[in-house]
Amino acid sequence: MAKEKDFVKEITPQSEDFSRWYIDVITKADLMDYAPVRGCIVFKPDGYELWEACQRELDRRFKETGHRNAYFPLLIPESFFQKEKEHVEGFNPELPWVTQVGDDNLEERLAVRPTSETIFGYMYSQWIQSYRDLPLLINQWANVVRWEKRTLPFLRTSEFLWQEGHTAHATAQEAEEETKRMLEVYTDFCETELAIPVIQGQKTPSEKFPGAVATYSLEAMMKDGRALQAATSHYLGDNFARSFDIQFLDKDNERKFAHTTSWGMTTRIIGALIMVHGDDRGLQLPPRIAPTQVIVIPIGPAKTRERVLTAADAIVHTLKVAGVRVKMDASEDNSPGWKFNEYEMRGIPIRLEIGPRDLDASQVVLVRRDTGAKEATPIENVAQHVQDLLTTIQNSMYETALAFQEGRSQKVESVEALHHVVREEKGFALAGWCGDDICESQIKNETGATSRNIPFSPPATMDTCVVCNQPAKHTVWFARAY
RNA sequence: CGGAAUGUAGCUCAGCUUGGUAGAGCGCACGGUUCGGGACCGUGAGGCCGCAGGUUCGAAUCCUGUCAUUCCGACCA
């Protein structure tokens, strides 16, 4: 309907131009603003609040799995980067350097950290003496800088926020288990809190973290069918232990190198949240992560106002006591209709309307952001009803996202078919791969799609390489990626 | 970092071709009427036209440079 379209002004429809839709939404919903330095953004309160909610839920999970937080320095000596060859090659192009203090040159340049494996490695080498010091399980919440050529708010900014976990273990097996454990933690976070279905898998050698033995990732599908890496977890073997001399005396009185891991999730996940759930009306936040779960909108002319507000206040109180994150917009500056659209645009899961007609019937009206469904419910059990509805919405949003992802994913047996799936149908393509870098890069050159990961549980096993028709060593998801 | 486009009021944009008083809608402030899907009337505030040079009697307008944003490529979370 034409009328439908008028609900949200100034947001470009997704079908017309997804990129513009994304920029429109994050701007109109007041999540961020551009900063004066290229590629840098301000995380405005409404955007930062989303990150805080992610931090809260992730941090809880990290602590439950035995990790503790610490904070390591922003500046890292140049010599540290030289110690791990792949690592320095991987990050060198995007490192900003501090070379001067006042008018004096520094003896040694200091990198603004792009990631902290090196400085963790250095410190760990000093802290670890005995197998009794292991495992060492530390996480840090920090900002990092990577001077990317092309930036996009939340998805790729010059400076971003993240957490990075760094652990050291006595054996390879323990370290590998840690790597997988944290991948599970991220999976649970994405699926339970963000209602984002993810694909667990291992990165191909060309896509793995510089310096890692194995990199695992979670891949999520955005509404334009492109992939976004939601989290990574790396098994570093003893590469960094050897570079930084992290050794310990084991039970058998032998000196051994520790095995280390690292794993991270970034503010990019906010972009995923927006692009997985958002629609032409704006944001759509899953209840469990939504900073505000219910917006109460009192309705009615001045003569009934006091009566409505008194009842609305009581409902807000009831909901708060029940643990619901609720806010009321009782301002008289805007009409109810304006507020309806505004809070839908901001993605608040439930709108609670209350007006004189409701009071007469001892009810309120609840409206779901995800489906638009309206229902009246008696005031007396509103808290229980709201909580049930929040759970319903959370589950429904996950199911919707999962159905979308599965509907846009398919097996392919030729490069042409792969091209068609990722460019025309805009989805993920599952293909066999012989394991040769040349075949992998040919796919990238011809289709623009990259290997996302080798899934742990593929929906099918592919027998031959999609490029060379040799027997496939792996079944791989390919997609265009952010 | 290459290719393209765009920078004028808080936002969306017109004006630029053909140089000569800075514009509209929305938003904002004040007053009033309204209030169940972006209400209306009246009054008003708000701009070194991204920045720096140049051409010119005179530049938002022409030229050069620069910075930023968006899109497309190569690099990445």
Side-chain angles (χ1 to χ4, degrees), chain A residues 1 3-12 17-20 22-24 27-28 30 33-41 89-95 114-115 144-164 203 206-210 215 217-220 227-234 262-272 281-282 297-305 308 330-345 351 353-359 364-365 367 372 374 376 441 444-445 448 450 480-482:
Chain A
M1 283 182 270
K3 195 181 171 188
E4 190 84 0
K5 209 181 164 198
D6 288 333
F7 276 136
V8 181
K9 294 174 188 163
E10 295 172 359
I11 292 180
T12 307
D17 184 339
F18 193 82
S19 302
R20 273 197 63 187
Y22 177 74
I23 299 292
D24 286 348
T27 309
K28 301 295 186 296
D30 212 23
D33 199 1
Y34 294 99
V37 177
R38 168 170 196 283
C40 292
I41 61 168
E89 285 171 3
F91 282 105
N92 194 47
E94 49 195 43
L95 288 185
T115 180
V144 288
V145 173
R146 298 181 187 178
W147 216 257
E148 299 292 347
K149 307 294 187 209
R150 192 178 168 192
T151 60
L152 197 54
F154 295 120
L155 299 179
R156 217 171 19 248
T157 48
S158 298
E159 178 186 6
F160 57 94
L161 307 178
W162 75 346
Q163 56 70 216
E164 48 180 325
K203 286 290 189 183
S206 71
E207 295 278 332
K208 78 177 170 58
F209 179 75
T215 289
S217 77
L218 301 181
E219 303 290 331
L228 186 142
Q229 181 176 297
T232 49
S233 186
H234 315 292
S262 66
W263 27 273
M265 180 175 274
T266 79
T267 36
R268 160 179 272 195
I269 201 69
I270 296 170
R281 294 188 181 194
I297 299 183
I299 294 165
K303 57 181 177 290
T304 63
R305 188 149 198 94
V308 169
S331 72
E332 298 182 40
D333 304 335
N334 296 112
S335 68
W338 186 92
K339 293 176 187 174
F340 296 169
N341 288 293
E342 179 69 12
Y343 293 105
E344 277 172 8
M345 190 265 287
R351 174 171 78 245
E353 304 174 13
I354 178 165
R357 294 208 300 268
D358 298 310
L359 285 187
V364 296
V365 173
V367 185
K374 280 190 189 193
S441 66
K444 187 175 180 179
N445 294 336
T450 49
R480 299 186 71 204
Y482 277 100

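Heavy atoms only: backbone and side chains are in, while hydrogens, waters and symmetry mates are out. Every chain is numbered from 1 and lettered A, B, ... according to where its sequence line falls, protein lines coming before strand lines.
- Residue pairs meeting the salt bridge (Lys or Arg N to Asp or Glu O under 4.0 Å) criterion with at least one member in residues 331-340 of chain A, sequence neighbours excluded: A:Arg305-A:Glu332, A:Asp329-A:Lys339.
- For A:Thr266, the side-chain contact (heavy atoms from CB on, under 4.5 Å) partners are A:Phe160, A:Trp162, A:Arg268, not counting sequence neighbours.
- Of the candidates B:G37, B:G36, B:C71, B:C71 carries the atom nearest the A:Leu152 side chain, counting heavy atoms from C-beta on.
- In the set B:G73, B:U69, B:G36, B:G73 carries the atom at the smallest distance from any side-chain atom of A:Arg150.
- Pair check for B:C28 finds B:G44; Watson-Crick or G-U wobble, both atom distances under 3.5 Å.
- Within the nucleic acid shown, A:Pro301 comes within 4.0 Å of at least one base atom, counting heavy atoms only.
- If you measure from atom NZ of A:Lys149 to atom C1' of B:G2, you get 11 Å, rounded to the nearest angstrom.
- Out of B:C76, B:A68, B:G38, the shortest distance to the side chain of A:Glu342 is found at B:G38.
- Residue contacts shown for A:Lys374 include a base, since a base heavy atom lies under 4.0 Å away.
- Closest to the side chain of A:Glu148, out of B:C35, B:G37, B:C76, is B:C76.
- Contact annotation for A:Tyr34: backbone-only contact, meaning every heavy-atom pair under 4.0 Å involves sugar-phosphate atoms and none involves a base.
- Taking side-chain N and O atoms only, A:Ser335 has a distance below 4.0 Å to OP1 or OP2 of B:A39.
- In this structure, A:Tyr482 places its OH atom 18 Å from P of B:C76, rounding to the nearest Å.
- Atom CZ in A:Arg351 sits roughly 12 Å away from atom P in B:G36 (whole-Å rounding).
- As judged by a 4.0 angstrom heavy-atom cut-off over every strand, A:Arg20 is placed among residues making no nucleic acid contact.
- OP1 or OP2 of B:U34 has not a single side-chain nitrogen or oxygen of A:Lys303 nearer than 4.0 Å.
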